[in-house]
Amino acid sequence: MNIPFFLETLDKMFPDAKAELDYTNPFELLIAVVLSAQTTDKAVNKVTKTLFEAYKNPYELSLATQENVESHIKTIGLYRNKAKNIIELSKQLVEKHASMVPRERSALEALPGVGRKTANVVLSNAFGVPALAVDTHVSRISVRLGLAKKNDTVLEIEKKLNRKLPRHAWLKVHHQMIFFGRYHCLAKNPKCNTCPFFNICKYENKAR
Ligand code: SF4
């Protein structure tokens, strides 16, 4: 893969790619990302609109009842578990982190419902720490374009991308790869007809 070509092409296709989750501070971003597991950003934005109005900070959410939080987020998948996680997570922010979202990966990953991907999204988007979150889109694009192998784990894909892509580009290219996966190289029926990467793509079912 010619990395400069890859980056320039994504820049042309998606110059304004950015997070599609709505948030106004690191706490809201953290909650939104936890809620986004196996759910679209659009669906999350619908529920966080009222959730963030009702609970403005970790302290308020830490005092919420399970039932009340569930009533705000019941339209998204796994809402019971997610409600439990975000209440407990808020308690831990209040008790261990002075109601702030920690900037260290280990502290983030110790919070309920927070895995490596969520930690990467928060570190890069809230605090500007270079980190590349590998979600379903990034993973699929990486394999199809030969940046990673089919059987690589998410962590192996992340490490390969970290090695191959320049650090300063991680934040932007992460959003651009998500956009490319969401709007062009879809899981089913990718738009190969108009794809600038057709000649280098390794996807066995690509077709024009
Ligand atoms: Fe995706 Fe098709 Fe482009 Fe390959 S050629 S990257 S499968 S859209």
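Counting starts at 1 for both ligands and their atoms, in listed order. No experiment lies behind these values; they were computed from the predicted model shown.
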Quiz item: Tally of protein N/O/S atoms under 2.8 Å from atom 1 (Fe) of ligand 1?
Solution: 1
Quiz item: Which of these, Val121, Asp41, Val114, sits in a side chain to side chain contact (heavy atoms under 4.5 Å, CB included) with Val33?
Solution: Val121
Quiz item: Looking at residues at least two apart in the chain, or sitting in another chain, which of them share a ring-ring contact (aromatic ring centres under 6.0 Å, His included) with Tyr59?
Solution: none
Practice problem: Please work out which of the three classes, parallel, tilted or perpendicular, describes the rings of Phe180 and Phe14, given edges at 30° and 60°. | Solution: perpendicular
Exercise. Mind checking ring-ring contact (aromatic ring centres under 6.0 Å, His included) for Phe5 and listing every partner two or more places apart, or none if nothing turns up?
Key: Phe197
Report, one line per pair, each donor and acceptor closer than 3.5 Å where one atom sits in a side chain of residues 70-77; sequence neighbours left out.
from, atom 1, to, atom 2, distance (Å)
Glu70, OE2, Gln66, NE2, 2.7
Ser71, OG, Asn68, O, 2.6
His72, ND1, Thr50, OG1, 3.1

Exercise. Count the heavy atoms of every other residue, nucleotide or ligand shown that sit under 6.0 Å from NZ of Lys206, and state whether that count exceeds 12.
Key: yes
